[in-house]
Amino acid sequence: MILDIEKFVVKEKPLWNELDNLLGTLAREGDKKLSVDDVKRLYYLYERVSEDLAKISTFSGEREVRKYLETLVARAYAEIYAKKGKRVKFNLFKWAAHSFPAAFRRNSKAFMLACAISLFGALFGGIAVTVDPDAKKAVFPEEFRHLQQSPDERVAQEEKMDADRRLEGVQSTFAAQLMTHNIKVSVFCLALGMAWGIGTMLVLFYNGVVLGAVAFDFIMGGQTVFMLGWLMPHGVIEIPAFVIAGQAGLVLGGCILKPRGARARALKEKIDDIVTLAGGVAMLLIWAGLVESFLSQLHEPVIPYFAKIILGVVELIALIAYLGLAGRKKEKEAMSKGAAE
Amino acid sequence: MNAAELTNIVEIRTPEGISFPLHLASPVSRCLAWTMDFFCILVLQNALSMIVRLFLILSPDFAQGMAIALYFVISILYGIILEWAWNGQTFGKRMFCLRVIDADGMKLSPSQVVVRNLLRAVDCLPAFYLAGGAFSLLSPRYQRLGDIAGRTYVIRELKAADPDLNSILTDKYNSFRNYPYLMARARAGIPPNEATLLLRSLLRRDTLDAQRRAEIYSKLAEYVKEKALFPQEATDGLSDERYLKNIVDILYRR
């Protein structure tokens, strides 16, 4: 085919400009202002410019025109074939009340696996410090050096420090440090899912070992009530949050484990759930950080242990109810709508 | 010389059967963009610390806590907010003409932006993005781990600039222009990548020594003569270099 390139460009240029302007408006203002006719016109222009690109592709000297048309087609293609659901406005309340618990339930198998790994780690850590008290040195990282004391010493020290009001004036700083540190660790646990889920499993197992070692140490030392009063107010939120981060990491690892083509499909399908779970973890850890800083570090005689334990139990029940029940009605509605369609 | 065979090009094929290339950004340009972003984050954090100092009057503890939380939020949300708001770009990426896109050529979804930024946690291991850098060097699509999980590519946005034809072509009489029909045949017969090759060989004229240049131009002219057929009176007395200049002139100048 021989094309008179000059006539061709002169004839088609107004359409190219029109598509360029339409795409510019879309980029600036979104698709709210587009009428049905505008959308039809956009698709027509896209098809027309695509045809022009096909025609000009064989022309050697029209490199710049071709590049211009390629850019135009690429932009139009991205707009026209973008996923329908992408432009839904984010609503924090709806997300917290529906999306997060629903994503949690959709991936419950990964949560169960994350729980099992953590519990196995806890059992391992507990047995290790019970059988060999010196194992504490190996189990507790440098930042938890204070846990290497005997439980009795620790309790005496904590209760004395409370009387000295050691956190007065630094609670906000402490809360911020806890939140940022815990969120970093959770993100790390999630991201290690890229190592086929093995990295996530190792982090979950290690966290379980530390937790189990602490719990068994205090129980064996006869300080169960102190430990529950100290850990429960924040731990009943913080520990499940870590496990949910592990759940997200395992979901990611599950996608990576699939063969190439299936992997891309799985990632496409699961990416929203992974992000929702990560957001939920951050939300839970902010709460846990505030509770740990402003409440968990206060011991008897300032706050009775039973009050802290009751608070922990109430929080745990609320969390289970939230993750298990919130948004179920909407989920059922969506399912029945899907079945009807 | 099919563009799709080159590793730094991803070809997207639309349902309409049209394909367009996307030029992948090299790990080096991405590293430069990241360095720029790193400095932007530092500047933002410093600006923030000045604002937070105002709260010291109210409560030093609250000011300190807020500073820690906001530093963290900026370092995590910088990439997420900018890539979402600027359709795959940050300050650094804008400066180096890079853009993050979906692996299918679509617009980025918020989840893709979040995942590719959250996975910096492993890409930056053990230090200075060594893991991410190593992965993007080994990956056929220059993807770091975050890009693989988010199904994204970082592409180079090419600015379509006209080559400086005046430096190689003069307004000297071009005998080929007497044959408009054959000119059109030559334009249709020489594919774009070969035209680019011819143009580049002429643009690099002065970097080649005389003997090597003569050899290269001779081979190119011999190859092109099979595709661009002009009568003998139009080609008589033309050196290989002049012949190639005439061809490039009719290919690139209307």
J.: Let me know if B:Ile12 has heavy atoms under 4.5 Å from chain A in its side chain, its backbone, both or neither.
T.: side chain
J.: Please determine if A:Glu79 and A:Arg75 form a salt bridge, counting it only when a charged side-chain N lies under 4.0 Å from a carboxylate O.
T.: no
J.: Is the B:Phe135-B:Tyr129 ring centre distance short of 6.0 angstrom?
T.: no
J.: Looking at every heavy atom in both B:Ile250 and B:Arg187, which two are closest together, and how far apart are they?
T.: O-NE, 2.8 Å
J.: Does atom CZ (B:Phe62) have a neighbourhood of more than 12 heavy atoms from anything else shown, all under 6.0 Å?
T.: no
J.: Any luck finding a side-chain donor-acceptor pair between B:Glu11 and B:Ser19 under 3.5 Å?
T.: yes
J.: Would you please classify the geometry between the B:Phe230 ring and the B:Phe176 ring as parallel, tilted or perpendicular, with 30° and 60° separating the classes?
T.: parallel
J.: Under 4.5 Å heavy-atom distance to chain A, tell me which part of B:Asp104 shows up: side chain, backbone, both or neither.
T.: both
J.: Under 4.5 Å from any heavy atom of chain B, what part of A:Ala74 do you find: side chain, backbone, both or neither?
T.: both
J.: Heavy-atom pairs under 4.5 Å with chain A - which of B:Gly105, B:Ser59, B:Gly17 has more of them than the others?
T.: B:Gly105
J.: So which residue, B:Asp123, B:Ile101, B:Val114, B:Leu198, ends up with the most heavy-atom pairs under 4.5 Å with chain A?
T.: B:Val114
J.: For A:Ala278, is it the side chain, the backbone, both, or neither that has a heavy atom closer than 4.5 Å to a heavy atom of chain B?
T.: side chain
J.: As an exercise: rank A:Met179, A:Glu47, A:Arg263, A:Lys184 by heavy-atom pairs under 4.5 Å with chain B and give me the winner.
T.: A:Lys184
J.: Just to verify, what does B:Arg99 make a salt bridge (Lys or Arg N to Asp or Glu O under 4.0 Å) with, not counting sequence neighbours?
T.: B:Glu157
J.: Between A:Leu252 and chain B, with a heavy-atom cut-off of 4.5 Å, which part of the residue counts as in contact: side chain, backbone, both or neither?
T.: side chain
J.: Need one label for A:Met194: side chain, backbone, both or neither, based on atoms under 4.5 Å from any heavy atom in chain B.
T.: side chain
